[in-house]
Amino acid sequence: MRIVTTLRGRLIAMVAALVAVTIGATAIISTRVAHYEIRKFDVEVHASRRPLMQNAVADYYRAHGSWAGVEPAVDAMARAAGSDIALFDEHNRLTATSKALRNATLDLAPDGTLTITRTIGGGRTRELIRGPQMVVRGANGGTDGSLFILPAHKDALPPPTRSLDRSFFWTFLGATLFGILMAIAIARWISVPVERLTAAARLMESGDLTVRVEPAGGAELAELARGFNAMAAALDRNEEQRKRMVSDVAHELRAPLTNIRCELESMQDGLTTPTPERIASLHEETMHLAHLVDDLQDLALAEAGRLEIDAQPVAVAALAKRAAAGMEMRARERGVALVVEGDDDVVVLADARRAVQILTNLLANAVAHMEKPGDIQITWERTGNEAIVRVVDSGTGIPAGELPRIFERFYRVDASRSRSTGGAGLGLSIVRQLVAAHGGRVWAESEVGIGSTFSFTLPSPRPRASA
Ligand code: ADP
């Protein structure tokens, strides 16, 4: 019974059972109908002998004045003609039957239909004879009896019936075998793709994320296989990203940690003295590490969709001024002026702390990439249901080929240079996540040697109708 626990086994069993039941029922019904029709035909053909017998029976009645003792005559007649005979009197009472009908139950209905129930060849059969087949009339023209004459039932089936049964047998056997072969083929067609999917899933479970399956086995199964392939590809991509992320994080942490360790060890060994400058440099490295860890945590929260955004109506001007004030000192050190310019009435729906973080990250990048003194502008405008905020610098610019990648995690256009400015390549990916968490978009335009413009949108409710 083990086979029936597999999908293929069940499919074969199901289709085979269906074929067997359908073909079996058809075989039984068609055999019965054929037997019945052949017998009916025999009965009709046999009817050609009736007139002779009718006369003989009528003669008997006339000669004897009653049906008493008619049975031996009926028997003799039946034997000679190869018939089964039943004779009823004028009151429809069974009067005489030929020998073969004596063990049968005969039932004559008022409409003249005779039902014969008897056991032939070990099985009970029931036969309906529409009648009376013929009426035996007496001398005065009245009805003396009804006579039923049928071909005798032989124990063996007649040759036409047997040959028909043989051809039925072979036809149905052939159909059943064909049905079972079809069942096996259909089961294979359905189960092979499922087995392939299972094997692929097992391979994936054991760590092989490159496994793919060929879509086969009909529309639904092919769709399932395509879905599986898409899932495998996504898992593969995620796994790649995870590995890269871990190695990037390790790489970013190593440099400041190495600096701190070397500095501390040389102090321990008495090679250097802990001067205020050295302690300040150690503090700076530590701050850099703390900053990196904060950034990583923000990014992890945002990517997990767990960043809490407490969106409230807030004027863009207020956000821009707060961000500019925070960056003021660093800008001044580089001879850069921060210019905040825009409509005071533009209000966005945003989490103020996060919105300032977006602007601060963009301003920090802009300041870091200014090569000579100049202006950095923060401007904004309202279009439709959103506000577009821009941070425009006149710094180094970004090569066109790099632009599409700058929002990726740990991506830096010039790694060695950014290290010196304290960037780990996380600033813009955090910006992108924060903007997306507000339901906005962010993009960059840039030209090398001229400067860059970073723009992002935030949802902005309709301005109140001015009085
Ligand atoms: P980082 O922390 O290194 O600044 P970001 O994700 O903020 O990382 O930026 C990615 C890269 O994009 C930076 O390394 C820098 O090369 C480039 N970039 C970002 N902003 C600017 C800008 N305003 N001008 C020129 N290059 C920029």
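Excluded from the calculations below are hydrogen atoms, water molecules and symmetry mates; all remaining heavy atoms, backbone and side chain alike, are included. Indexing begins at 1, ligand by ligand and atom by atom, following the structure's order.
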Atoms in ligand 1 with a heavy atom of [X] nearer than 4.0 Å:
X: Ala366; result: 23 (N)
X: Ile406; result: 6 (O), 10 (C), 12 (O)
X: Tyr411; result: 10 (C), 11 (C)
X: Thr396; result: 25 (C)

Distance-only side-chain donor-acceptor flag, [X] / [Y], under 3.5 Å:
X: Ser266; Y: Thr272; value: yes
X: Gln241; Y: Arg244; value: no
X: Asp310; Y: Gln312; value: yes

In plain terms, say whether Arg202 and Glu205 are close enough for a salt bridge, that is, a side-chain N and a carboxylate O under 4.0 Å apart.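 Looking at Arg202 and Glu205, the cut-off is met.
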State plainly whether the residues Arg330 and Glu333 are in salt-bridge range, i.e. N to O under 4.0 Å. no
For Gly395, is the nearest heavy atom under 4.0 Å from an atom of ligand 1?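 Distance cut 4.0 Å: Gly395 fails for ligand 1.
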Measure the distances from the heavy atoms of Phe407 to every atom of ligand 1 and state whether one is below 4.0 angstrom.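 Heavy atoms of Phe407 never come under 4.0 Å of ligand 1.
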Quick check: does any side chain N or O of Ser191 sit under 3.5 Å from a backbone N or O of Arg8, one acting as donor and the other as acceptor? no
Without swapping roles, check the side chain of Asn229 against the backbone of Val213 for a donor-acceptor pair under 3.5 Å. yes
Would you say [X] has any N or O atom under 3.5 Å from an N or O of ligand 1, going by distance alone?
X: Asp393; answer: yes
X: Gly397; answer: no
X: Phe454; answer: no

Could you see which bit of Arg412 sits under 4.0 Å from ligand 1, with heavy atoms only: side chain, backbone, both or neither? both
Candidate list Leu434, Leu319, Leu359, test side chain to side chain contact (heavy atoms under 4.5 Å, CB included), partner Arg354, passing option: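 One option only clears the test, and that one is Leu434.
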Option nearest [atom] (shortest heavy-atom distance, choices [options]):
atom: atom 1 (P) of ligand 1; options: Ala364, Gly425, Gly427, Ala368; result: Gly425
atom: atom 19 (C) of ligand 1; options: Asn365, Ile376, Asn361; result: Asn365
atom: atom 17 (C) of ligand 1; options: Asp295, Val413, Val392, Leu363; result: Val413

Separation between CG of Leu428 and CZ of Arg405, rounded to the nearest 0.5 Å: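 Atom-to-atom, Leu428:CG and Arg405:CZ are 13.5 Å apart.
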